[in-house]
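Read through the structure below, which is laid out as structure tokens, and then see the notes.
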Amino acid sequence: MQSRNVDLATSANSTHFGRHKQNTSHCRLSGFDWNRTWYTDKPDLTECFQNTVLVWFPCFYLWLLAPFYALKLYCHDCGCIRISTLCTAKTVLGFLLASFGFVEFFYILLERSHEIQNHMVFLLSPIIRSLTVVLAICIIQLERIRGCRSSIFLFLFWVLAVVCSLVPLRAKIQLVMYEGITTDIVRYTAFFSYFSLQLAQLFLCCFADQPPEGKTVLVKNPCPVKDASFLSKMLFWWFTGLVVKGYRTPLEAGDLWNLREEDTSDKIISDLEEEWTTECAKLQQQEKTMAAGVALGTRLPDQAQILRKLQKEQSSGFCLLRTLARNFGPYFLTGTMCIIFHDFFMFAIPQVLSLLLGFMNEEDAPLWKGYFYATLMFLLSCLQSLFNHQYMYTCFTVGMRVKTAVMGLVYRKSLVINSASRRTCTVGEIVNLVSADTQKLMDFVVYFNAVWLAPIEIALCLFFLWQHLGPSALAGIATVILIFPLNGFIAKKRSKLQEVQMKFMDGRIKLMNEILNGIKILKFYAWEKAFLEQVLGYREKELKALKKSQILYSISIASFNSSTFLIAFAMFGVYVLIDDKNVLDAQKVFVSMALINILKTPLSQLPFAMSTTMQAIVSLKRLGKYLCSEELKDDNVAKAPLSTDGEGVLIDNGTFSWTKEGPPCLKRINVCVPQGSLVAVVGHVGSGKSSLLSAMLGETEKRSGSVSIKGSVAYVPQQAWIQNATVQDNVMFGREKQKTWYQRVLDACALLPDLEILPAGDSTEIGEKGLNLSGGQKQRVSLARAVYRKADVYLLDDPLSAVDAHVGQHIFDKVIGPKGVLRDKTRVLVTHGMSFLPQADLILVLVDGEITESGSYQELLSRHGAFADFIHTFASNDRKESARRASSRLSVTDFMPFSRDLSQEQLIGGDTNSTNLQGMEPMSEIDEEQVPEDLGKLMEVDKAHTGRVRLEMYMEYFKTIGMAFIIPIVFLYAFQQGASLAYNYWLSLWADEPIVNGTQVDTDMKLAVYGALGFAQGIAIFGTTVAISVGGIIASRHLHMDLLKNVLHSPMSFFETTPSGNLLNRFAKEIDAIDCMIPDGLKMMLGYLFKLMEVCIIVMLATPFAAVVILPLAILYAFVQSFYVATSCQLRRLESVSRSPIYTHFNETVQGASVIRAFGEQHRFIVQANKRIDFNQTSYFPRFVATRWLAVNLEFVGNGVVLAAAILSVMGKDTLSPGIVGLAVSHSLQVTGILSWIVRSWTDVENNIVSVERVKEYADTAKEAVWTVEGSSLPLAWPQTGTIEFQDYGLQYRKGLDWALKGITLKIQEREKVGIVGRTGAGKSSLALGIFRILEAAKGEIYIDGVNIAEIGLHDLRSRITIIPQDPVLFSGSLRMNLDPFNTYTDEEIWSSLELAHLKNFVSNLPDKLNYECSEGGENLSLGQRQLVCLARALLRKTKILVLDEATAAVDLETDTLIQSTIRQQFEDCTVLTIAHRLNTIMDYTRVIVMDKGHISEMDSPTNLISNRGQFYRMCREARLV
């Protein structure tokens, strides 16, 4: 398309033309003349070649590939683009270019018609050219119509065209300078304008067109890669905006771009889910056929069963891989193409180096060849960089999508997994699948290609080495073969050690999770030390495994880093020793060295790729196993639409169990619940009441029978599940807000008074698991959620147990009972409250999983069965009383301002002292908008620190390692690089050694020196890596220890405001980073820094003038790096902050799965999870693009060093020896790699040192008082009598809040039994918190046995008094550990305490008795049994003071009576304080204290208080006790 033809008919004088005639008459015979082009000082191309090949080549490219390109456009329609200025400009320029060709054609026809027969070629060229440009115009239009905004295809065409025009351009310019422009001004102007038009087209091709019509979705902050042109995408320039922004001000989450559509969860998972479901179905089918085959035979032997299990895991993992490959494979393959191109350029460079060194050897070689080779090396290096980073970008994008896909699948699975499968994996393990295993898969995507590419690269290297050194290259192969098995063995050992380490880490995290969930119990019982020891035990084992693994890794690193030397040593040694005639010259030495340097990359990648692949296979198996685990069957419960009559719930002859193989938990169940009736389910602890509701929800395995439910379901679990969201969100649970209904619900569930006390009303945020609500409030919020639903069937699992008696009565009347909000609904109520039974339409009595009796209250009484005896013993109150009560029931509210259930005790967050509580307006009248944002905020969101990491953090880290360690490390590094420099310089001297009679002298000595220097380096490398690893382990041990102690020493308020997700993140992710990432990053960074210094020294030794180039490049490098590090660190922080919510949400979902399913809210939760995952990916995506942006730009800097070294060597050809040039150039080739590694490892260290910062964060938070006071004179048997005295005692939850207790003065005598009663929020629990110093006194003192408790250590205090807390918390571990973590008691003592707690029969029937493993949170015991375990703990400690906090809430009346009598007998000679909710438990106490708003309002014996007719009397009236 170019105008090269031109020269011909150009000049006016005929002699000139005549000369051309001879050249071109043979045009058909030979177009290329080597003598004119190569073997000359002034290279040039023949006229004929210029006018044929150079014109036709770009045209040929376009015509050949256009049909394929058109087909691709045809298949990918992205919508039509409107005609833009850019498109118009391209088209106009195209027509101008085409017209040039036609004009030229006619010019030749007219002017030179008499010579045409000789020059048919010259007529053809302009026509071909013009037609090609017309084709290009057509392609431009086609691209516009199909919505292609930037074209690689045309860009390459214009590049070719311009490059091919350069030769004639040079010829033209020479002619003009030779003859002057006047000779043929028309032709010159024509050619120059033609060339500039082509340049203009090329320039326009670098920009992208506007987006297609109708495709412009209005996204707030779209990702600029969409609008980027092809060139910008190749060089990642579209990213620059964010880097600059991040450099100016620290990035915020709002600055980040939205995800591209193809990266969003919705898009990815919707495609993937269908495929995965079909894959799963296939798998299960295979399972069934296998199982059927086995069933015919006998039971499989154990080995065979294990084998089958393994096979199943393997196949499920393989299925997952197949599904992922189908979805992400095609895009991944484009990356693979890039890496293949990269390899091609990579291997071309040593060949060019060989030519350059050959040129240095030739005496009379023309200089232009040297410059030509230097430029060629520079171009090849640049292309290699470009393709490499495109490949990495593709890999990371695929990795990111795989992560999104797997997270989405795991999340969806956790919503449908059945209870048996759920029991096999703890919450921690599921979160691990999402965090650790997805990470392994991402690594796998990045390194997978190395598995098959690396061996090919190694083979190619050895092939080229063979060309240079002949058979002695085999010595190199031998070395490689020796290094490999060593590393393979090490990798295998390390992966075993890693599994061990992961096992201990999992144990540690699981334990931490439980410690954080049960921290209140730990504080009450002063058990922190025991658990601290347990955690540290895990930690020590974990670090031991890590240390072994790191030492092995150091051997691995040392062998790799000295592999260059070892291979070279073996090859050169064999080469010179085989034959004296074999001489090492510069060309052989340095080309071999360049090849060996290339060889190192695949060598180092291969083991890594292998181990990543192995780990990924393990992760795939784990994920596959989880994703293929049993799901809840949809047919467990038949759902039918609501009909006006008939049964609401029907169970026909059902047998249910929790697992497929396990014993049935419910047998022969027949239940028919008529539409709109109230059914009460009663029975002892562990009789299967909750299981019955689970069966109705379809949560259990249905062995036989059928279950059907008509209409929608709402479920209130026994333990309220509360989301970390506002009260309003918890109640509405995803429904629209209907104001009047919402108010009615809050009123019915007795929540309005609580909302008055909350700092921001119903916009107050509730902590994780409902931390800042009392048990009763959680239960009522949970109930309100169900009531708000307006469902048809209500399954209520003992919702009234956790609330005070009067509140319970209120809720029963207003919500559940015959006059309640739900009176027309079908209600199944599990209850222990006898008073509600007469109003039930049907009562089911459960004993050991069977329904023994059923009928109405009167029917059951008249049968005189077990139920009747039970009622007679416990409801000895007058029957008449209940009859009278039924006729004239006073609403509870007649008596009292109202129960305030959200006590100030529970308030953490916000100020309430500004308004008097009574004077506060009811919430309903305040518009929600007016509530200030942060008023009800409780949870501290994980904040991202901004800006660069402070230097102190590095100092902090190094201080923990200790100076004694650091100085030797630096010395070792310097020594290692010194040795490396020495042996390389030695090689260059050897290469320059003159050759005498075809041999070199003293080769043996030279080889020996070379070997000694190299081995010295290898030993130094091993030393440095071991030293850094050990230093890192020392640091991480200290940091973890500090973190653990800081957290355990924190007061309760800290745990109430810090989400456990944040703390777990510190213990898992951040500690892991300090364990592995920081030392690894430091090793790399220091290694490469010293290596870079070595390269610079060598280049400057060879050509001192290079300093002029290296210095500005260094400044540019530092500039780019500082831009990048600021942005990258911030992105890393944003990413890790946005990761916590994903895990918190996962955690919450897994725990509340049954509630979410019962309400049918799965879809909403999935959408929420998607949002959180996408939000995390918005910061992850720019994070890895930042690395690419940096690397591409830096590698151009590095390639600049190559160019400088080569060109300066050519300029100094006469003074420099080939040896030193080879040394300089072959070293400069490594610069690009070194630079990008330095930055990468630097940012790794920067990013991970943030972990030190985050672990250190909790060092400065408030701590509670010391655990033990040194040298305290406290007698061992204290407290001996158990007297408690309060002196003007006051308590505040936080400075600025109202007083929870005001000026309490009170003396409790020894052996006194005191009941503490009062409305919720009156300050009952605050007294207990004060005695245990969970909260420190704001004024006044408490004396126990005359000792001021504020002056003794917390553990001295807490271990000598006992509490039975409200929520029974168990830890996973043996039952024995749960009773006695310090191993202070004998087995006999433990058994006797279990007997007294009525647990002996239960425990002795367990398979492992005392060593029975409790699951996470004690979930494999019923709530009542857990409560009894807490009683056993108290019985075991047998201290003089016992505090009971609503301890009997979750127990049926019979067990309750047992507990009460046990406490009466066993703690007879102790002081007992009971915070009572059921007044009948304290009627025989010596004293009752009535609390009201933090004061003692009445205090006397129960009988006296009743006769005084005060507040206590009214409370007894409500409870029907008087």
Side-chain angles (χ1 to χ4, degrees), residues 343 345-354 356-357 377 381 384 453-484 487 557-576 582 584-607 976-977 979-988 990-991 1007 1010-1011 1013-1015 1017-1018 1021 1087-1088 1091 1094-1095 1098 1202 1219 1221-1234 1237:
D343 276 13
F345 294 123
M346 180 171 76
F347 281 111
I349 293 173
Q351 308 306 319
V352 179
L353 175 66
S354 172
L356 178 69
L357 292 175
M377 264 168 82
S381 301
Q384 179 194 348
L453 252 183
I456 298 176
E457 290 172 358
I458 293 170
L460 276 172
C461 279
L462 295 171
F463 165 72
F464 287 124
L465 283 167
W466 183 287
Q467 283 189 330
H468 280 279
L469 301 174
S472 37
L474 290 173
I477 301 181
T479 324
V480 174
I481 291 172
L482 282 176
I483 294 176
F484 253 94
N487 282 297
I557 285 186
S559 68
F560 269 132
N561 283 350
S562 33
S563 59
T564 318
F565 157 75
L566 288 169
I567 297 169
F569 181 63
M571 284 190 194
F572 296 156
V574 172
Y575 184 70
V576 293
N582 283 349
L584 282 178
D585 58 11
Q587 211 167 349
K588 281 199 180 76
V589 170
F590 291 108
V591 174
S592 305
M593 289 303 272
L595 282 166
I596 292 170
N597 276 328
I598 289 181
L599 182 61
K600 259 182 82 166
T601 313
L603 273 185
S604 62
Q605 272 183 354
L606 195 59
Q976 154 192 334
Q977 246 31 70
S980 164
L981 186 97
Y983 80 67
N984 278 309
Y985 191 64
W986 183 257
L987 260 185
S988 80
W990 186 354
L1007 193 63
Y1010 179 58
L1013 288 168
F1015 281 109
Q1017 184 207 14
I1021 293 176
Y1088 285 113
K1091 182 84 185 146
E1094 180 195 344
V1095 173
I1098 287 179
V1202 177
V1221 170
L1223 186 64
V1225 177
S1226 68
H1227 266 72
S1228 68
L1229 283 174
Q1230 298 172 43
V1231 169
T1232 48
I1234 293 174
W1237 276 111

Phe464 and side-chain contact (heavy atoms from CB on, under 4.5 Å): which single residue from Leu599, Leu595, Leu469 fits?
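Option passing the side-chain contact (heavy atoms from CB on, under 4.5 Å) with Phe464: Leu595.
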
Measure the spacing between [atom1] of [X] and [atom2] of [Y] and express it to the nearest 0.5 Å.
{"X": "Gln467", "Y": "Leu462", "atom1": "CD", "atom2": "CG", "result": "12.0 Å"}
{"X": "Lys588", "Y": "His468", "atom1": "NZ", "atom2": "NE2", "result": "9.0 Å"}
{"X": "Ile1021", "Y": "Ser980", "atom1": "CD1", "atom2": "OG", "result": "8.0 Å"}
{"X": "Leu981", "Y": "His1227", "atom1": "CG", "atom2": "NE2", "result": "7.5 Å"}
{"X": "Asn582", "Y": "Ser472", "atom1": "CG", "atom2": "OG", "result": "6.5 Å"}

Could you check whether the rings of Tyr1010 and Phe569 sit parallel, tilted or perpendicular, using 30° and 60° as the cut-offs?
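Plane angle between 30° and 60°, so tilted.
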
[Y] and [X], any side-chain heavy atoms less than 4.5 Å apart:
{"X": "Asn984", "Y": "Leu1223", "value": "yes"}
{"X": "Asp343", "Y": "Glu457", "value": "yes"}
{"X": "Phe565", "Y": "Ile596", "value": "no"}
{"X": "Val1231", "Y": "Val1202", "value": "no"}
{"X": "Ser592", "Y": "Met571", "value": "no"}
{"X": "Met593", "Y": "Phe572", "value": "yes"}
{"X": "Pro350", "Y": "Phe590", "value": "no"}
{"X": "Trp990", "Y": "Leu584", "value": "yes"}

Check: Met377 main-chain N/O paired with Ser381 side-chain donor or acceptor under 3.5 Å:
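Checked: pair present.
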
Would you find a donor on one side and an acceptor on the other, under 3.5 Å apart, between the side chain of Thr479 and the backbone of Ala475?
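Yes, because the side chain of Thr479 sits within donor-acceptor range (under 3.5 Å) of the backbone of Ala475.
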
Would you say CZ of Phe345 has more than 12 non-hydrogen atoms from neighbouring residues, nucleotides or ligands within 6.0 angstrom?
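Yes.
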
